[in-house]
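A short write-up of the structure that comes next.
In what follows, chains carry the letters A, B, and so on, assigned in the order in which the sequence lines appear, proteins first and then strands, with residues in each chain numbered from 1.
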2 protein chains.
Amino acid sequence: MAERRTSGSRKRRFKDELYAAVARVPAALANGHRLELLDLLSQRPRTVQDVAAEAGITVANASQHLQVLARCGLVAVERRGTFAHYRAAGPAVYRLLVELRAVAESADASVADAEQAYFGPREPGIRTIDGARDALADAHTALLDARPREEYEAAHLPGAISAPLDALRSGKVALPRSKQYVVYCRGPYCVFADEAVALLRERGLDARRLSLGPAEWVAAGGDVQRVG
Amino acid sequence: MAERRTSGSRKRRFKDELYAAVARVPAALANGHRLELLDLLSQRPRTVQDVAAEAGITVANASQHLQVLARCGLVAVERRGTFAHYRAAGPAVYRLLVELRAVAESADASVADAEQAYFGPREPGIRTIDGARDALADAHTALLDARPREEYEAAHLPGAISAPLDALRSGKVALPRSKQYVVYCRGPYCVFADEAVALLRERGLDARRLSLGPAEWVAAGGDVQRVG
DNA sequence: GCCATATTCAAGAACTTTCGCGAATATGCG
DNA sequence: CGCATATTCGCGAAAGTTCTTGAATATGGC
């Protein structure tokens, strides 16, 4: 306490250190590939080659990126035999990503542009947790999970039915006409739900998109279910 | 919709673009000086030389950093005469910073270390919004704002009394012994409140720290008051 | 118009990040 | 043990970031 007053440079040195230490977290997030890997790992644990293939980068590169994320505590790793299973570190990480996207979309026009260029003019769908709860309160509404089955098994919204795109295309999911459908996938930057909605509408069904994934749901304090 | 299926590389290109665009926000945050500037601007609008002096960097350097923050929409600038008044862009930025610190502290031991080295072993004080509301519900509790008066005037917690460190030291703030005091300052990485608490205790007063500033308060949905 | 001042710009040196490539390590299995 | 496979490491080239320095721009007052 006394020494705090003696030297401005001591104060400055520690302040610099503290902010530099905090800055390591945004530094780890400051790369498109790492953000994509983090999104993938928010769905379920995956091996290095698994994320590498999904993100379209080399295994060595993916390994390096995952190590950067792990060094900041953004992902955790569990080694089983020769495999390294990486996963997102927890709800705090989901919350950080949600706020990050919120700022990026509101502030930086290029994000909205890129989104628009990728998805085309899509209807916004249901974007908020409250909106989702409202829609799902209706007994005539069924909630579909358009992600691959492994991700559904790892964590899905309460009451959701697994309806991977492939299964929908080949008609393997029973879809009574009496229901209204709400479809979600990995999160706001994922197209699975958009494609599923298009597919259901082609068949004359009433379908809407929910632009949230399990990670955003958990970030907002919701609980998820798992299989097995 | 059709073209989305035609080319994996088109999908990949847009995905890369989208994630790269989002990554520009953490890139802007990935620097200790910029984080410190953002903390300063979360208290009140300031000119370039103002933040430069407070953060201990050159004016040209501060200008460059502020431009980086502005390009991502993290700060806004208003020009009045030859002065540029920069300010934090809004509640979404505060929320992002709160989540950033939460992840940095929980995940990266070096943040906690740096904090500890800087502050020494300090008692945690009141760290949550709910804790603050509870403490302040007591009619015998007075809330003190230890920041410089300009910051108090720009935004302070409802019912807070301005008690800048200088004024406290020179005994210019009336402090009845019948009260219990809760003191806050800029936020968790600011020492003003710690010093104020030490000062009050030396005088035999009952004082505790609130480790939140107005920015964190607003991030949690609270409202603030301003003077004038 | 001219000066003082606040801010921004431009160029360059030091440093860090990214990514491919090939090699190294480590685990499990026959 | 020897081999196949998953992951990590090390190196080097290209690209990006940071900070300093000195100059350029722009505003307001005399």
Side-chain angles (χ1 to χ4, degrees), chain A residues 12-13 15-17 19-38 40-41 45-72 74-87 110, chain B residues 12-13 15-17 19-38 40-41 45-72 74-87 110:
Chain A
R12 173 93 332 258
R13 205 159 60 80
K15 225 172 214 177
D16 286 350
E17 242 168 69
Y19 279 108
V22 175
R24 276 197 279 276
V25 173
L29 296 171
N31 176 284
H33 289 312
R34 285 198 293 269
L35 284 180
E36 186 173 2
L37 298 191
L38 211 40
L40 287 170
L41 297 178
R46 304 185 88 120
T47 64
V48 178
Q49 46 178 13
D50 212 353
V51 286
E54 187 107 19
I57 58 181
T58 66
V59 172
N61 196 359
S63 174
Q64 279 181 284
H65 282 308
L66 289 170
Q67 281 172 71
V68 172
L69 292 171
R71 224 173 287 135
C72 288
L74 290 162
V75 304
V77 58
E78 186 194 343
R79 282 163 209 284
R80 286 207 292 270
T82 64
F83 293 88
H85 294 259
Y86 283 89
R87 62 181 171 74
S110 65
Chain B
R12 172 88 341 253
R13 207 160 60 79
K15 224 172 213 175
D16 287 350
E17 241 168 68
Y19 279 108
V22 175
R24 277 197 279 275
V25 174
L29 296 171
N31 176 285
H33 288 313
R34 285 198 293 268
L35 284 180
E36 186 173 2
L37 298 191
L38 210 40
L40 287 170
L41 298 177
R46 304 186 88 121
T47 64
V48 178
Q49 47 178 11
D50 213 354
V51 285
E54 187 106 20
I57 58 180
T58 66
V59 171
N61 195 1
S63 174
Q64 280 180 289
H65 282 309
L66 289 170
Q67 282 172 70
V68 172
L69 291 171
R71 222 173 290 135
C72 288
L74 289 162
V75 304
V77 58
E78 186 193 345
R79 282 162 209 285
R80 285 207 292 270
T82 63
F83 293 89
H85 295 260
Y86 283 88
R87 61 179 170 76
S110 67

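- Of the two residues near DNA chain C, A:A27 and A:G81, the one whose nearest nucleotide lies more 5' is A:A27.
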- Task: Dump the intermediate steps for side-chain contact (heavy atoms from CB on, under 4.5 Å) on B:R80 and B:H85, then the final yes or no.
- Result: CA-CA 7 Å; B:R80 285 207 292 270; B:H85 295 260; 3.5 Å; yes
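- In this structure, CG of B:N31 is placed 5 Å from P of D:dT18, rounded to the nearest angstrom.
- Here B:E78 does not pair with B:R87 in a salt bridge; the nearest charged N to carboxylate O distance is not below 4.0 Å.
- Using a 4.0 Å heavy-atom criterion, one finds that A:R34 contacts the sugar-phosphate atoms exclusively.
- B:Q64 has its CD atom 17 Å from the P atom of D:dG16, to the nearest Å.
- Contact record, B:L37 with B:A55: CD2-CB, 3.8 Å, taken as the closest heavy-atom pair.
- Across all strands, A:A60 comes closer than 4.0 Å to base atoms (heavy-atom distances).
- Closest non-hydrogen pair, A:V48 versus A:L66, comes out as CG2-CD1, 3.9 Å.
- When rounded to the nearest whole Å, the span between CZ of B:F83 and P of D:dT27 equals 14 Å.
- Each of A:V68 and A:T82 was matched to the nucleotide of DNA chain C holding its nearest heavy atom; the match closer to the 5' end belongs to A:V68.
- In this structure, B:E36 atom CD and D:dC19 atom C1' are separated by 16 Å, rounded to whole Å.
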- Query: Taking it one step at a time, do A:Y86 and A:V51 satisfy side-chain contact (heavy atoms from CB on, under 4.5 Å)?
  - Reply: CA-CA 9 Å; A:Y86 283 89; A:V51 286; over 6 Å; no
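- As rounded to whole Å, 14 Å separates atom C1' of D:dT8 from atom CD1 of A:I57.
- B:Q67 comes within contact range of the sugar-phosphate backbone alone, with a heavy-atom separation under 4.0 Å but no base atom that close.
- If you walk DNA chain C from 5' to 3' and mark each nucleotide with an atom closer than 4.0 Å to a heavy atom of chain B, the marks span C:dA6 to C:dC9.
- When the side-chain nitrogen and oxygen atoms of B:N61 are compared with OP1 and OP2 of D:dT18, none of them lie within a distance under 4.0 Å.
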- Are A:E36 and A:I57 close enough, and set up right, to give a side-chain contact (heavy atoms from CB on, under 4.5 Å), and what steps lead you there? CA-CA 11 Å; A:E36 186 173 2; A:I57 58 181; over 6 Å; no
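- In this structure, A:L66 atom CG and D:dT7 atom C1' are separated by 11 Å, rounded to whole Å.
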- Task: Take B:V25 and A:L29 through the side-chain contact (heavy atoms from CB on, under 4.5 Å) test and state the conclusion after the steps.
- Result: CA-CA 9 Å; B:V25 174; A:L29 296 171; over 6 Å; no
